[in-house]
Every structure is written in C-alpha cells, then in structure tokens.
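When a ligand or atom number is given, it counts from 1 through the structure's own listing order.
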Amino acid sequence: MNFLELVHTRQSVRRYSAKPVENELVLKCLEAARLAPSASNSQPWRFIIVDEPGLRQKVAQATITQNLINSFSLRAPVIIVIVVEKPKLLTQFAGWLKKREFEWTDLGITAEHICLQATELGLGTCMIGWFNEPKIIQLLNIPSNKRIGLVITMGYPAENYLLRKKIRKKIETLVSYNKW
Ligand SMILES: Cc1cc2nc3c(=O)[nH]c(=O)nc-3n(C[C@H](O)[C@H](O)[C@H](O)COP(=O)(O)O)c2cc1C
C-alpha cells in the first residue's frame with residue numbers, strides 16, 4: 001500500500017470482530033505515535049491502553065450518551081486514551097505569545113499516526129472526541145489536572161466491514177494558490 005492508498009483505507013471502524021488484538025500490534029501503533037512530530041519536540045502526550053475487559057467496558061460506557069452516540073465502543077477489544085501533557089516551557093511561552101495551544105495540534109498528529117499504523121496492520125480504529133472526561137479520569141487514576149485529548153477504539157473490523165467511499169469537500173474549495 002502506498003501512502004495515499006493507506007489514507008484511503010483508514011476509516012472510522014465502528015463494528016469489530018471478537019478477535020483479540022495482539023499486544024505487539026497495539027505497541028507498534030504506539031511506536032508510530034511516539035515518533036510523531038510535535039512543537040519543539042515536546043511530545044506532550046501519554047497513552048493509556050485499556051484492554052482489561054471490565055475496565056474497558058466502563059471506559060466505553062463513558063463515551064456513550066443515551067445509547068445513541070458511541071455505543072459501538074462497548075465491542076472494541078482495545079481502547080487507547082490519549083492524555084495531553086503540558087508541553088515544554090518554551091512551547092508554553094510560545095503558545096501564550098501566539099495564542100495557540102500547540103499541544104492540541106500535536107495530539108491530533110499522534111492520534112492519526114496510531115490510526116494509520118493500525119490500518120496498515122489490518123486493524124480498525126475510531127477516534128472518539130465525545131466522552132465523559134471526568135469519569136475516564138477517575139476510572140484510570142489520571143491526575144485530575146490533566147486533560148484527555150482523544151479516546152481511540154481499536155480492533156479487527158467485523159467480517160464484511162466494507163471500505164466506504166470518502167465523503168470530503170472538493171479540492172478546489174479547499175486549496176488556492178498565492179491568495180485566499
Ligand atoms: C477529533 C475527532 C473526534 C471524533 N469523535 C467521534 C466520536 O465521538 N464518535 C464517532 O463515532 N466518531 C468520531 N470521530 C470520527 C469522525 O466522525 C470521522 O473521522 C469522520 O466522519 C470521517 O470519517 P472516516 O474517519 O470514516 O474517514 C471523530 C473524529 C475526530 C478526528
């Protein structure tokens with residue numbers, strides 16, 4: 001698979017097979033995450049792998065609202081919680097000067113590294129941004145002053161899970177040359 005094929009193949013997978021995910025594959029995804037770029041190389045992230053079934057169900061439950069949103073997370077064999085750390089002081093200062101929270105940009109990059117690596121390994125992922133943050137902080141003993149950036153579900157896609165056509169804005173509405 002070349003890179004663009006990999007990008008086309010990655011999609012949010014919301015139905016998983018019961019097949020467990022080998023720990024070495026999860027670690028490979030986190031190696032890809034570890035190597036992601038970040039502002040001033042701050043690497044402002046921590047990754048919590050939630051694979052213990054009882055705890056995983058509780059964390060999954062904390063992403064669900066009234067059985068409408070994110071119920072699929074209950075059937076994901078692995079959940080990865082990405083905690084946002086404070087960047088280096090230099091980056092914090094630069095962010096304050098420029099009114100930017102670079103750590104949230106960094107978070108998105110590392111999260112996508114996880115999902116792309118998982119895709120290459122034949123795994124499916126879904127990034128989840130809708131979750132009960134205080135509840136997950138409590139469940140995983142995360143210090144209460146930390147923020148959770150994203151939750152990622154991971155597993156082998158269910159049998160017959162089809163690759164969907166990407167629905168995206170047209171390139172000419174997104175790109176311009178030399179001016180707005
Ligand atoms: C920051 C972020 C938060 C997201 N939160 C959720 C979520 O809470 N639940 C969900 O089912 N999908 C969530 N998604 C997945 C998006 O809905 C999905 O990426 C988008 O519709 C494009 O589809 P694709 O990933 O299949 O290409 C999230 C994606 C991102 C990047």
Side-chain angles (χ1 to χ4, degrees), residues 1-17 21 25-26 29-30 32-33 36-39 43-50 55-85 87 95 100-140 142 146-171 173-175:
M1 233 187 312
N2 67 33
F3 183 70
L4 209 48
E5 284 165 351
L6 182 66
V7 169
H8 274 282
T9 307
R10 189 224 48 88
Q11 62 180 350
S12 294
V13 170
R14 299 187 178 90
R15 267 190 307 119
Y16 297 101
S17 121
V21 178
L25 300 192
V26 178
C29 295
L30 292 177
S38 56
Q43 307 161 62
W45 44 55
R46 281 280 297 262
F47 307 94
I48 304 180
I49 302 169
V50 188
L55 184 61
R56 202 186 63 220
Q57 292 292 294
K58 288 184 188 154
V59 171
Q61 204 67 56
T63 71
I64 299 172
T65 301
Q66 302 193 332
N67 281 342
L68 283 174
I69 298 177
N70 297 333
S71 334
F72 68 89
S73 65
L74 285 169
R75 283 171 297 281
V78 176
I79 293 180
I80 297 170
V81 174
I82 311 183
V83 180
V84 182
E85 291 279 30
R100 273 179 206 283
E101 294 181 326
F102 291 112
E103 60 273 30
W104 292 92
T105 306
D106 300 338
L107 167 97
I109 298 169
T110 197
E112 181 65 349
H113 273 211
I114 293 177
C115 297
L116 288 171
Q117 177 60 80
T119 304
E120 200 237 357
L121 296 169
L123 293 164
T125 55
C126 186
M127 294 190 209
I128 295 186
W130 178 268
F131 51 82
N132 182 335
E133 188 176 18
K135 183 73 197 166
I136 299 181
I137 284 179
Q138 179 229 318
L139 284 168
L140 302 180
I142 298 167
K146 308 265 183 216
R147 296 294 313 272
I148 296 175
L150 272 174
V151 172
I152 300 182
T153 54
M154 183 181 285
Y156 286 98
E159 228 181 291
N160 305 325
Y161 200 85
L162 296 177
L163 184 62
R164 300 183 296 273
K165 190 172 158 14
K166 293 254 180 289
I167 301 167
R168 297 293 192 262
K169 295 177 182 174
K170 289 203 182 326
I171 191 106
T173 68
L174 302 173
V175 179

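- How far SG of Cys126 is from CD1 of Ile79: 11.0 Å, rounded to the nearest 0.5 Å.
- Residue-to-ligand polar distances keep Gln11 apart from ligand 1: every N/O pair is separated by 3.5 Å or more.
- Counting heavy atoms from C-beta outward, Met154 and Ile114 have side chains that approach closer than 4.5 Å.
- In terms of N/O distances under 3.5 Å, ligand 1 is not approached by Phe72.
- Minimum interatomic distance between Thr153 and Tyr16 (heavy atoms only, all atoms of both residues): OG1-OH, 2.7 Å.
- Residue contacts with ligand 1, taken as heavy atom pairs separated by less than 4.0 Å, do not involve Thr63 at all.
- Heavy-atom contacts of Ser12 reach the following atoms of ligand 1: 15 (C), 18 (C), 19 (O), 24 (P), 25 (O), 26 (O) (cutoff under 4.0 Å).
- Every atom of ligand 1 with a heavy atom of Cys126 under 4.0 Å away is listed here by number and element: 10 (C), 11 (O), 12 (N).
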Side-chain polar contacts of residues 8-15 - donor-acceptor pairs under 3.5 angstrom, sequence neighbours left out - could you list them?
unit_1 : atom_1 : unit_2 : atom_2 : d
Thr9   : OG1    : Glu5   : O      : 2.6
Gln11  : OE1    : Arg164 : N      : 2.9
Gln11  : NE2    : Leu162 : O      : 3.0

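- Smallest separation of non-hydrogen atoms from Ile109 and Pro37: CG2-CD, 3.7 Å.
- Within the 4.5 Å cutoff, no side-chain heavy atoms of Leu150 are placed close to those of Trp45.
- Shown here, atom 26 (O) of ligand 1 is in close reach of the protein: a heavy atom of it lies under 4.0 Å off.
- If you look at Ile167 next to ligand 1, there are no close heavy atoms at all, none under 4.0 Å.
- Applying the side-chain hydrogen bond (donor to acceptor under 3.5 Å, both in side chains) test to every pair with at least one member in residues 109-127, sequence neighbours left out, gives these pairs: Gln117-Glu120.
- The residue from Arg164, Arg10, Met127, His8 that puts a heavy atom closest to atom 29 (C) of ligand 1 is Met127.
- Closer than 4.0 Å to atom 20 (C) of ligand 1 lies none of the heavy atoms of the protein.
- The CD1 atom of Ile82 sits 5.5 Å away from the CG atom of Leu107 when rounded to the nearest 0.5 Å.
- Among all non-hydrogen protein atoms, the one lying nearest atom 11 (O) of ligand 1 is Arg14 NE, 2.8 Å.
- Contacts with ligand 1 closer than 4.0 Å are made by no heavy atom of Lys165, backbone or side chain.
- Closest heavy-atom contact between Phe131 and Val151: CD2-CG2, 3.7 Å.
- Here the closest non-hydrogen pair linking Val84 and Glu103 is CG1-CG, 3.5 Å.
- Contact atoms of ligand 1 toward Gly129: 3 (C), 4 (C), 5 (N), 6 (C), 7 (C), 8 (O) (distance under 4.0 Å to a heavy atom of the residue).
- Of the protein's non-hydrogen atoms, the one nearest atom 22 (C) of ligand 1 is Arg168 NH1, 3.6 Å.
- For ligand 1 and Ile128, the ligand atoms under 4.0 Å from any heavy atom of the residue are 5 (N), 6 (C), 7 (C), 8 (O).
- Close contacts between ligand 1 and Leu150 involve ligand atoms 1 (C) [criterion: under 4.0 Å to a heavy atom].
- When only non-hydrogen protein atoms are considered, atom 9 (N) of ligand 1 lies nearest to Asn70 OD1, 2.7 Å.
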